[in-house]
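Here is the structure we will look at.
Every value quoted in this text rests on a predicted model; they were computed, and no experiment measured them. Labels below follow one simple rule: chain letters A, B, ... track the order of the sequence lines, proteins then strands, and each chain is numbered from 1.
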Amino acid sequence: MPTVTLKLVTIVAERVLQERLLRTLKELGARGYTLTDVSGEGSRGVRASEWEGHNVKIETIVSPEVAERIIEHVAEHYFQHYAVIVYAQPVEVVRGDKYV
Amino acid sequence: MPTVTLKLVTIVAERVLQERLLRTLKELGARGYTLTDVSGEGSRGVRASEWEGHNVKIETIVSPEVAERIIEHVAEHYFQHYAVIVYAQPVEVVRGDKYV
Amino acid sequence: MPTVTLKLVTIVAERVLQERLLRTLKELGARGYTLTDVSGEGSRGVRASEWEGHNVKIETIVSPEVAERIIEHVAEHYFQHYAVIVYAQPVEVVRGDKYV
Amino acid sequence: MLDVLLTNLLSPIVLAFVLGIVAQLIRSDLSFPEPLYQALSIYLLLAIGLKGGAELSHTPWSAVVGPALVTLLLGVVTPITSYVVLRKLGRMDRVNAAAIAAHYGSVSAVTFIAAQAFGQVQGHSIEGFMPALVAMLEVPAIVVALMIAFMRSNHHGSWREGLHEVLAGRSIVLLVGGLIIGYLSGMEGLQQVAPFFVSGFKGALTLFLLEMGLVAARRLRDLKKAGAFLVGFGIVMPLLHGSLAVVLGSWAGLSVGGRAVLGAMVASASYIAAPAAVRISLPEANPSYYLTASLGITFPFNLTLGIPLYFALAQWIEG
Amino acid sequence: MLDVLLTNLLSPIVLAFVLGIVAQLIRSDLSFPEPLYQALSIYLLLAIGLKGGAELSHTPWSAVVGPALVTLLLGVVTPITSYVVLRKLGRMDRVNAAAIAAHYGSVSAVTFIAAQAFGQVQGHSIEGFMPALVAMLEVPAIVVALMIAFMRSNHHGSWREGLHEVLAGRSIVLLVGGLIIGYLSGMEGLQQVAPFFVSGFKGALTLFLLEMGLVAARRLRDLKKAGAFLVGFGIVMPLLHGSLAVVLGSWAGLSVGGRAVLGAMVASASYIAAPAAVRISLPEANPSYYLTASLGITFPFNLTLGIPLYFALAQWIEG
Amino acid sequence: MLDVLLTNLLSPIVLAFVLGIVAQLIRSDLSFPEPLYQALSIYLLLAIGLKGGAELSHTPWSAVVGPALVTLLLGVVTPITSYVVLRKLGRMDRVNAAAIAAHYGSVSAVTFIAAQAFGQVQGHSIEGFMPALVAMLEVPAIVVALMIAFMRSNHHGSWREGLHEVLAGRSIVLLVGGLIIGYLSGMEGLQQVAPFFVSGFKGALTLFLLEMGLVAARRLRDLKKAGAFLVGFGIVMPLLHGSLAVVLGSWAGLSVGGRAVLGAMVASASYIAAPAAVRISLPEANPSYYLTASLGITFPFNLTLGIPLYFALAQWIEG
Ligand SMILES: Nc1ncnc2c1ncn2[C@@H]1O[C@H](COP(=O)(O)O)[C@@H](O)[C@H]1O
Ligand SMILES: Nc1ncnc2c1ncn2[C@@H]1O[C@H](COP(=O)(O)O)[C@@H](O)[C@H]1O
Ligand SMILES: Nc1ncnc2c1ncn2[C@@H]1O[C@H](COP(=O)(O)O)[C@@H](O)[C@H]1O
Ligand code: NA
Ligand code: NA
Ligand code: NA
């Protein structure tokens with residue numbers, strides 16, 4: 001089975017950003033995503049709202065170019081004021097055309 | 001501490017497949033798995049049942065050969081009709097014999 | 001955007017260890033972590049308490065040296081008596097200084 | 001008649017459903033955590049089982065046999081009529097027609113519950129064994145529809161796994177389990193847990209329908225994919241099945257309330273047991289069709305207009 | 001007076017809050033799963049909406065107009081007084097002052113509920129339309145505070161998203177939705193679901209306050225970051241706003257119980273709607289400030305000492 | 001006697017437990033979401049605490065002292081008898097023997113609740129302070145058993161963390177917290193929340209036991225690993241401990257119902273507090289042993305046969 005190497009981009013962010021981030025991902029070219037409820041701690045102890053719950057983790061498999069764009073966008077728009085991290089890893093997938 | 005490089009195979013699938021996938025993993029040689037409740041979107045918008053909940057993410061650390069077999073099996077049996085993706089990454093583990 | 005390669009260390013452990021592991025991570029130099037409720041099976045079928053729930057997955061992005069220390073610590077202190085696995089992967093991050 | 005309709009539309013239970021739809025349409029962030037949805041489902045199914053079982057325990061079997069046979073008959077007939085209509089009039093392929101037929105032959109427990117609550121508010125006394133009929137109606141249609149599909153086409157799914165999915169599925173286990181518990185422990189046993197399972201019932205149902213409104217509204221997006229035929233099917237078929245059931249129910253000796261509730265049950269389309277079984281057994285069927293029709297069209301139709309209509313018909317037959 | 005205070009402090013509702021704080025302080029592993037917290041919130045908000053709506057359905061509008069206007073007035077005035085105090089006395093920067101002002105102008109539904117429960121135990125009869133006032137009080141202050149911030153500074157957040165967050169937010173949808181359902185289905189409709197939504201209310205509230213205690217105690221760690229001024233602000237401001245509201249409420253014709261509850265509402269600081277809206281619209285504001293003040297200081301203060309004080313003042317005005 | 005047994009076996013509470021076991025055996029997909037399990041646990045523990053505390057508030061201390069001393073005595077003695085039997089007759093190693101002893105010396109809150117519900121249905125009036133005895137019985141046994149283990153062997157776990165785990169653990173915090181709240185707010189306070197915490201109790205317990213059945217059935221697979229000796233131990237030991245407690249309880253002046261419930265408490269084995277503490281303090285002990293024995297054998301035994309037996313014995317002693 002032929003596999004392709006793409007990028008898995010992971011964003012962990014406070015919940016309040018969820019809707020905006022998903023919208024942005026779509027605009028930047030992601031074709032799908034997987035969402036997990038998580039909690040966590042980092043440099044900012046405080047999250048916006050207890051009612052909102054904790055953090056979300058958004059994972060999306062994309063082409064290296066889209067990955068770059070996503071990381072840049074998140075860094076530029078959210079790093080300063082929000083609790084958010086983003087990282088990327090190479091992954092091997094089959095049906096590579098599904099993701100690009 | 002000596003580390004070995006194995007494969008982390010991740011499957012994200014609609015919940016209805018959970019039991020079957022776990023059974024299959026065992027048959028194909030996986031020695032363990034970790035399961036997370038997730039949600040997500042991809043090429044197929046619709047999931048089988050609202051009562052069933054959303055998706056599951058199954059992660060299993062296996063030898064490269066077993067990884068290959070799992071990916072092939074999932075692609076062959078589930079890609080056409082079900083909402084499912086699968087991908088693999090190298091990971092470093094200690095106690096490598098535990099997983100093979 | 002300049003990216004740095006660090007280590008993503010993942011620990012999957014029975015819930016009873018959560019507090020101790022998080023304390024240890026901090027002591028060993030981790031600057032943050034992300035926590036997910038998961039379940040799973042491995043070589044030890046049995047988990048400590050039904051009321052405790054199942055497993056937790058702890059992910060932390062750290063420098064290679066800290067990663068090494070964490071893996072060593074977990075292997076030494078928990079492998080014998082507890083249900084726990086640990087593995088590491090390289091990840092690309094921006095704002096690399098945040099994690100070290 | 002209009003009065004009856006208004007009572008239904010203005011009950012907190014139906015209004016909560018509407019609130020759910022509205023909340024989704026204005027893109028509110030209101031959403032039920034999945035465990036709450038599951039908890040409410042478990043509670044509601046067990047509660048109707050318990051009550052039905054306790055009622056059964058002091059009902060003579062002779063009163064039950066007729067309605068039970070009629071229910072089984074309807075469980076076999078309605079998937080066939082659905083299949084034929086979908087194939088002949090809707091020109092749908094075999095697999096999708098069978099998948100939808102499984103849903104329309106089976107039953108929606110929530111529609112049943114809403115019909116019963118409606119009847120009580122209207123002052124009808126409804127036979128206590130109706131939940132037993134729900135359990136009887138749920139399974140056969142799915143089996144019949146899968147049999148049609150498996151006889152007529154090559155398939156990818158597993159027949160046996162699909163059947164196990166229905167029989168050992170949550171809804172049957174809770175409903176039948178509740179029935180047996182209620183039957184064995186009787187009215188006295190029920191008394192012990194009545195403040196929880198009986199008094200709290202309608203309130204919990206209100207909460208549940210709020211969530212169902214959210215879920216159904218999410219389905220509305222798929223209406224276009226489903227197409228005009230399916231929309232018509234999702235309204236007309238319940239009316240036909242429901243009327244047939246009201247007639248047969250009255251013929252089998254059910255009270256006005258009982259036959260109207262049977263009508264609502266038979267008119268309803270499953271969206272819990274059937275989807276799970278069909279997804280396993282007929283994976284090539286398109287969930288957009290069967291879920292949208294049953295959850296996006298038939299469920300809201302029955303909840304708002306259908307139930308009062310079946311009651312009106314039941315009354316009219318009585319003369 | 002001391003008597004009244006003791007009754008409040010020894011009610012299971014307040015004691016559960018204290019238990020939550022203690023559990024957190026002794027580092028107990030007691031914690032509420034998030035879905036339980038959300039389920040309780042949904043239940044409580046819908047329940048107060050339903051009850052309020054049903055009461056409204058048999059209240060003459062003339063009785064409501066005065067209190068409603070007073071409430072709207074207070075919703076506009078209190079964020080401005082808060083902002084001015086924070087800027088002039090607290091020397092706080094604009095963005096953080098506006099963020100905190102949004103919280104203190106808006107309302108904490110839980111404080112409202114606790115005040116109402118307290119009044120009932122004391123034997124006061126409280127106007128049934130109070131939940132409608134909660135809904136009216138929740139929104140304007142947030143709008144006013146955000147307007148101040150957006151007029152006076154460059155900002156990073158989105159004004160419109162923040163507003164949508166409040167108006168289509170869970171608490172408003174559940175509260176207003178409940179009000180409308182209660183209003184349309186009337187006392188009769190409420191009767192159907194009363195065992196669930198009315199009888200169970202105070203027990204569910206007790207459970208909820210246990211969780212609020214756990215949450216508030218986690219905030220206590222941040223008190224140092226917030227500083228002495230904010231601690232004082234979090235106690236004095238409610239007293240001023242609350243007293244003003246009691247006076248205006250009595251002037252608008254509210255009963256002793258009603259004006260005291262209005263006092264508690266206006267004195268309270270939001271920690272559900274406001275934080276979400278502010279986080280979206282004013283991301284550069286520091287959550288440590290506004291969350292700690294509203295949840296760590298003002299909420300416990302009102303719950304233990306504030307509410308009895310507003311009731312004492314309300315009584316005293318009556319003469 | 002057979003009558004009594006039948007009433008127990010046919011109560012909805014016990015039948016729900018059986019339903020859970022059956023559902024698991026037929027591989028149903030019925031399962032409780034974890035938050036629901038936690039929510040029910042929190043509710044049940046707080047509810048028994050509240051009720052017990054309110055009762056305590058109007059009980060003379062003189063009535064409590066005797067039973068309390070007996071309970072403490074049993075909390076110290078039963079882990080020792082368990083340990084000795086496991087070592088001498090079972091030839092078990094020290095660590096595992098101590099681990100199991102901690103479980104059998106401590107108490108299962110659910111067994112206590114079931115015994116109390118059983119007694120009420122039987123028409124017994126049971127002393128209101130029994131929940132206080134549960135809290136007293138839970139801790140000492142675990143301490144004693146860990147002491148034995150730590151005196152006799154090298155260990156890997158942490159003594160202090162294990163103790164903190166028990167004392168600040170959820171079950172103790174909720175139970176003792178509930179007791180104090182109930183005591184401080186008295187019967188009047190309890191009245192405010194009674195529809196939620198008192199009326200709803202048995203229904204919630206039914207739901208909880210459905211889940212316990214699912215959990216216990218999953219343990220059954222491990223029975224083989226546990227071995228024949230442990231199966232016998234899990235049945236005989238409760239009978240011995242339970243009988244001893246019934247005798248001492250009657251000697252301390254407890255009513256028939258009270259001494260039977262004390263018997264059930266002492267006979268029961270912990271599966272919430274003890275496993276957590278033991279896992280932390282004695283990680284080298286094998287959970288298959290202690291969990292299977294307490295949850296897979298002793299818990300179902302007490303629930304179905306044990307409780308009626310302790311009541312029969314209690315009655316018989318009375319003469
Ligand atoms: N070093 C790290 N490793 C893993 N997750 C992290 C790390 N730092 C932060 N996070 C996650 O990212 C969220 C936001 O981080 P921060 O902006 O640093 O507060 C935290 O709540 C964690 O869930
Ligand atoms: N590009 C992607 N990145 C991450 N997760 C995805 C992606 N595409 C699909 N998924 C996940 O896999 C599930 C099934 O995908 P699909 O078959 O495309 O509907 C989705 O519900 C998502 O949870
Ligand atoms: N091969 C594996 N792949 C993924 N997760 C595993 C694997 N083995 C064990 N785990 C996870 O680690 C936990 C503890 O493993 P163990 O100590 O083998 O029982 C399990 O409950 C699983 O969640
Ligand atoms: Na049907
Ligand atoms: Na306010
Ligand atoms: Na014991």
Side-chain angles (χ1 to χ4, degrees), chain D residues 32-47 49-51 53-54 57 160-161 163-201 203-204 272-273 276-277 280, chain F residues 6-41 43-44 47 113-114 116-123 194-211 213-214 217:
Chain D
F32 276 44
E34 219 175 287
L36 175 56
Y37 176 65
Q38 289 172 18
L40 286 169
S41 307
I42 291 172
Y43 167 85
L44 291 172
L45 288 167
L46 197 61
L50 282 173
K51 262 192 296 182
S57 74
R160 289 182 54 212
E161 285 194 47
L163 194 63
H164 181 262
E165 194 75 13
V166 193
L167 290 175
R170 274 168 282 207
S171 32
I172 287 288
V173 165
L174 288 167
L175 204 53
V176 173
L179 275 168
I180 295 173
I181 294 177
Y183 186 80
L184 290 178
S185 58
M187 292 307 281
E188 256 175 85
L190 184 64
Q191 223 49 50
Q192 290 175 43
V193 296
F196 188 80
F197 283 112
V198 180
S199 312
F201 191 81
I272 292 178
I280 290 282
Chain F
L6 218 68
T7 316
N8 187 41
L9 293 179
L10 295 187
S11 88
I13 297 171
V14 170
L15 288 173
F17 180 73
V18 176
L19 176 59
I21 292 181
V22 171
Q24 186 67 28
L25 293 183
I26 63 170
R27 294 192 302 111
S28 167
D29 63 342
L30 177 63
S31 76
F32 276 44
E34 218 174 289
L36 175 57
Y37 176 66
Q38 288 172 19
L40 286 169
S41 308
Y43 167 85
L44 292 172
I113 295 168
Q116 210 168 28
F118 176 75
Q120 278 162 18
V121 172
Q122 292 288 311
F196 188 80
F197 283 113
V198 180
S199 313
F201 190 81
K202 276 185 203 154
L205 183 59
T206 304
L207 219 49
F208 189 73
L209 278 172
L210 175 53
E211 161 74 358
L214 292 167

pair F:Pro12-D:Gln192: side-chain heavy atoms closer than 4.5 Å: yes
Contact class of [X] relative to chain D, heavy atoms under 4.5 angstrom:
X        : answer
F:Thr206 : side chain
F:Ile26  : both
F:Val22  : neither

Candidate pair D:Val173 and F:Asp29, rule side chain to side chain contact (heavy atoms under 4.5 Å, CB included), full reasoning: CA-CA 9 Å; D:Val173 165; F:Asp29 63 342; over 6 Å; no
Atom pair CG (D:Leu174) and CG (F:Leu30), whose distance is rounded to the nearest 0.5 Å: 5.0 Å
Approximate separation, where rounding is to 0.5 Å, of F:Leu205 CG and D:Phe196 CZ: 10.0 Å
Partners passing ring pair (Phe, Tyr, Trp, His ring centres under 6.0 Å) against D:Phe201 (at least two apart in sequence or in another chain): none
Heavy-atom closest pair, residues F:Ser31 and D:Ile42: O-CD1, 4.1 Å
Most chain D-contacting option - heavy-atom pairs closer than 4.5 Å, from F:Ser11, F:Ser28, F:Ala23: F:Ser28
CD/D:Glu188: more than 12 non-hydrogen atoms of other groups inside 6.0 Å: no
List, one per line, each side-chain donor-acceptor pair under 3.5 Å for residues 176-185 of chain D, sequence neighbours excluded.
from     : atom 1 : to       : atom 2 : distance (Å)
D:Ser185 : OG     : D:Ile181 : O      : 2.7

